[in-house]
Amino acid sequence: MDLAFAKGIKIKAFPILARAVQTELSHEVPFQAALSVGKKRFRRAVDRNRIKRLMREAWRVEKTALAKNWKPDAPQWAVVFIFVGNEIPSFSDCQHLIQRATKRLEMEMAAEK
RNA sequence: AAGCUCGGUUGACUCUGCCGCCUCACUUGUGGGGAGGAAAGUCCGGACAACAUAGGGAGCCACACUUUUUGAAAGGAAAGGCGCGUUCAACGGAACGUGACAGACAGUGCCACAGAGAUUUAAACCGCCGAUGGCCUUCGGGCACAGGCAAGGCUGAAAAGGUGAGGUAAGAGCUCACCAGCGCAAGGGUGACCUUGCGGCUUGGGCAAACCUUGUGGGUUGCAAGACCAUGUAAACUGGCGUUCGAAGGCGUCCCGCUUGAGUCAGAGGGUAGGUCGCGUCAGAUCAAUGGCAGAGCCCUUCGGGGAACAGAAUCCGGCUUACACCGUGUUUUGAA
RNA sequence: GACCUGGUAGCUCAGCUGGUUAGAGCAUCUCACUUUUAAUGAGAGGGUCCUGGGUUCGAGUCCCAGCCGGGUCA
């Protein structure tokens, strides 16, 4: 995670900010993703959990497109999603945002090759 | 309709299908379980763990009407007593509400400002009187000098019992009656307390959410407790104290006692900062799982839609407090008929 | 998770054992000085003492509950 913040590429899809880096992961998987919602913006744990669950679900749906051509010895990616908005989004909004982010990520991965 | 009071709630969507998460069981696919009444605040009390091991005292902290009851404790419930407030009554009291409600006759302390006087012989500013003594006198009295007085005014949160009568120069518990308060006795009540009688009245009060006293209870620290495994380093350096005349530790503080007994404390510096258990719980995480989509039903709608409010378990229980929705009881206010 | 600590003027802080009118420095405003500004001097304004109850004659201070910050412990 520190590596992702230090060297990762920035992907903006306001109000979602993503950082991604190509690195060796501990398991044979294409991605490891982390989700973050700031405590300063959302004081109540209920709201933070809600946003993280929506982002998690959107990522689950969208990552399949990225992962379908992945082979066990291909490069692995660590991704961190940070929510920086001030209001709780609906699921459809959240899905569109993650979709934009994953498309950018796909381009970056192609460029990396 | 709104507010208040008390009580209740698996306390909010339901069903079907598909995809997905945590965990357990059998085994590769099924099946079981998967947030709250407050999970919150962390305000109390425990379980549990550590402090090698007995103990005593001081200190510290918490609580405080009585009886019964529930509970491991904290806390709760019922009934009663006393105080205060409101209303009704009309001097017998009654109803409702409310109270962190032991002690101010154990001691210490404080009561600013104002005011003449504020706490142990209280106080003479405006006043009242001036009987007694003094001065003057037309012998009727006058003066207000010595002095007497706490009844009235004033100040204040509070002014040394209250009301009435007698008494007096004027006054005063000075005397008496009743009332309040205090002490003693008797009786009633399990008890808090109440009733009656007697006594003297040199008998002021308030503040213990001031120190404190009395009674009761409490060893301290907390799961980041603690146990184990792994990784790594510096058994080095500087200074203090000390090895039987005893350092330092043994429960946060002090004293005594007991006990271990050669290291220990501080500084600067070097290193690690991962895991397992604790935490077994028909949720069980080491950074934390409960979600999404589609359809039908139901409800709300500002016809776009929406499915609430307060709010998310982190060792576990029992309370307290605070936040909030719905339902019901009682009550108050306002509006309409 | 557990345990400490704080909240006072626009900012940083005092305010002792409850008492008379809540102060200090900086900042702001006005005036003076100066050609002007700064500095300096004089003066003025500015406070829900975090909020709500309670104790008391009287609360920034004492007690209870809440809100919002800061810190410590593996």
Side-chain angles (χ1 to χ4, degrees):
Chain A
M1 194 186 268
D2 288 335
L3 194 68
F5 274 101
K7 295 185 177 175
I9 51 163
K10 275 191 210 172
I11 297 168
K12 290 178 193 166
F14 188 82
I16 288 175
L17 192 69
R19 279 180 175 272
V21 71
Q22 185 182 333
T23 182
E24 297 254 327
L25 299 177
S26 55
H27 294 89
E28 285 286 310
V29 288
F31 305 102
Q32 280 190 337
L35 306 160
S36 173
V37 181
K39 205 174 199 175
K40 292 277 176 185
R41 291 177 192 277
F42 295 93
R43 187 165 294 283
R44 285 182 290 263
V46 176
D47 300 335
R48 294 199 300 273
N49 282 348
R50 176 73 187 164
I51 292 163
K52 284 198 277 186
R53 281 167 186 158
L54 290 172
M55 283 163 71
R56 195 203 317 282
E57 180 64 18
W59 171 247
R60 185 184 71 80
V61 172
E62 295 302 325
K63 75 175 180 185
T64 52
L66 265 70
K68 63 188 174 189
N69 294 326
W70 186 78
K71 298 182 194 77
D73 50 350
Q76 296 175 308
W77 284 77
V79 191
V80 181
F81 290 98
I82 308 151
F83 190 81
V84 293
N86 289 317
E87 289 180 358
I88 302 169
S90 70
F91 178 73
S92 56
D93 292 346
C94 202
Q95 192 171 6
H96 282 119
L97 292 166
I98 294 285
Q99 208 165 27
R100 275 170 58 193
T102 45
K103 277 184 181 155
R104 280 289 311 282
L105 186 61
E106 204 171 3
M107 285 163 65
E108 294 289 342
M109 285 165 73
E112 201 76 20
K113 275 178 185 173

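Predicted model, so just to flag it, every value in this text is computed and none were measured. Letters go in sequence order (proteins before strands), and every chain restarts at 1.
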When you compare the protein's N or O atoms with those of nucleotides 300-303 of chain B, which come within less than 3.5 Å of each other, and at what distance?
none

Does [N] have a Watson-Crick or wobble mate here (both distances under 3.5 Å), and if so which one?
N	answer
B:rG166	B:rC174
B:rA288	none
B:rG312	none
C:rG1	C:rC73
B:rA296	B:rU14
B:rC88	B:rG93
B:rG183	B:rC198
B:rA62	B:rU216

Please classify [N] as syn or anti, treating any glycosidic angle within 90° of 0 as syn.
N	value
B:rG37	syn
B:rG80	anti
B:rG304	syn
B:rG45	anti
B:rG115	anti

Please state the [atom1] separation for the pair [N] and [M] - nearest whole angstrom.
N	M	atom1	value
B:rC110	B:rU214	C1'	23 Å
B:rU243	B:rC212	P	43 Å
B:rC279	B:rG275	C1'	16 Å
B:rA159	B:rG140	C1'	44 Å
B:rG215	B:rU221	C1'	29 Å
B:rC26	B:rC18	P	27 Å
B:rC179	B:rA100	P	34 Å
B:rG274	B:rA288	P	15 Å

| message | The criterion is salt bridge (charged side-chain N to carboxylate O under 4.0 Å, His left out); which residues satisfy it with A:Arg56, sequence neighbours excluded? | response |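 For A:Arg56 there are no salt bridge (charged side-chain N to carboxylate O under 4.0 Å, His left out) partners, ignoring immediate neighbours.
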| What pair of heavy atoms forms the shortest contact from A:Arg104 to A:Lys10, and how long is it? |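 Taking A:Arg104 first and A:Lys10 second, the nearest heavy atoms are NH2-O, 3.9 Å.
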Should [X] and [Y] count as side-chain neighbours, where that means a heavy-atom distance under 4.5 Å?
X	Y	value
A:Asp47	A:Asn49	no
A:Gln95	A:Val61	yes
A:Leu17	A:Phe81	no

| query | What residues form a ring-ring contact (aromatic ring centres under 6.0 Å, His included) with A:Phe83, not counting sequence neighbours? | reply |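 A:Phe83 satisfies ring-ring contact (aromatic ring centres under 6.0 Å, His included) with no other residue.
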| What pairs with A:Arg50 under side-chain hydrogen bond (donor to acceptor under 3.5 Å, both in side chains), at least two apart in sequence or on another chain? |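 With neighbours one apart ignored, the set is empty.
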Between the protein and nucleotides 290-293 of chain B, are there any N/O to N/O pairs under 3.5 Å, and if so, what are the atom names and distances?
{"from": "B:rU290", "atom 1": "OP2", "to": "A:Arg53", "atom 2": "NE", "distance (Å)": "2.7"}
{"from": "B:rU290", "atom 1": "OP2", "to": "A:Arg53", "atom 2": "NH2", "distance (Å)": "3.1"}
{"from": "B:rG291", "atom 1": "O3'", "to": "A:Arg50", "atom 2": "NH1", "distance (Å)": "3.3"}
{"from": "B:rG291", "atom 1": "N2", "to": "A:Glu57", "atom 2": "OE1", "distance (Å)": "3.4"}
{"from": "B:rG291", "atom 1": "N2", "to": "A:Glu57", "atom 2": "OE2", "distance (Å)": "3.3"}
{"from": "B:rG292", "atom 1": "OP1", "to": "A:Arg50", "atom 2": "NH1", "distance (Å)": "2.5"}
{"from": "B:rG292", "atom 1": "OP1", "to": "A:Arg50", "atom 2": "NH2", "distance (Å)": "2.6"}

| request: Rounded to the nearest 0.5 Å, what's the gap from CD1 on A:Ile16 to CD1 on A:Ile82? Could you check? | output: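 The CD1 atom of A:Ile82 is 10.5 Å from CD1 of A:Ile16, to the nearest 0.5 Å.
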| Rounded distance (nearest 0.5 Å) linking atom OG of A:Ser92 with atom CD of A:Gln99 |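 Answer rounded to 0.5 Å: 11.5 Å.
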| message | Between C1' on B:rC19 and CH2 on A:Trp59, what's the gap in Å once rounded to a whole number? | response |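 Atom CH2 in A:Trp59 sits about 17 Å away from atom C1' in B:rC19.
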Scan nucleotides 307-309 of chain B against the protein and return all N/O pairs shorter than 3.5 Å with their distances rounded to 0.1 Å.
none

| query | Got a sec, which pairs hit salt bridge (charged side-chain N to carboxylate O under 4.0 Å, His left out) with one end in residues 90-103 of chain A, sequence neighbours left out? | reply |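 As it turns out, there is no salt bridge (charged side-chain N to carboxylate O under 4.0 Å, His left out) pair with a partner in residues 90-103 of chain A once direct neighbours are skipped.
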| said: Who clusters with A:Leu54? Use side-chain heavy atoms, under 4.5 angstrom, across I, L, V, M, F, W and Y, and order the result by chain and number. | reply: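 Reading the cluster by chain and number, A:Leu54 sits alongside A:Phe91.
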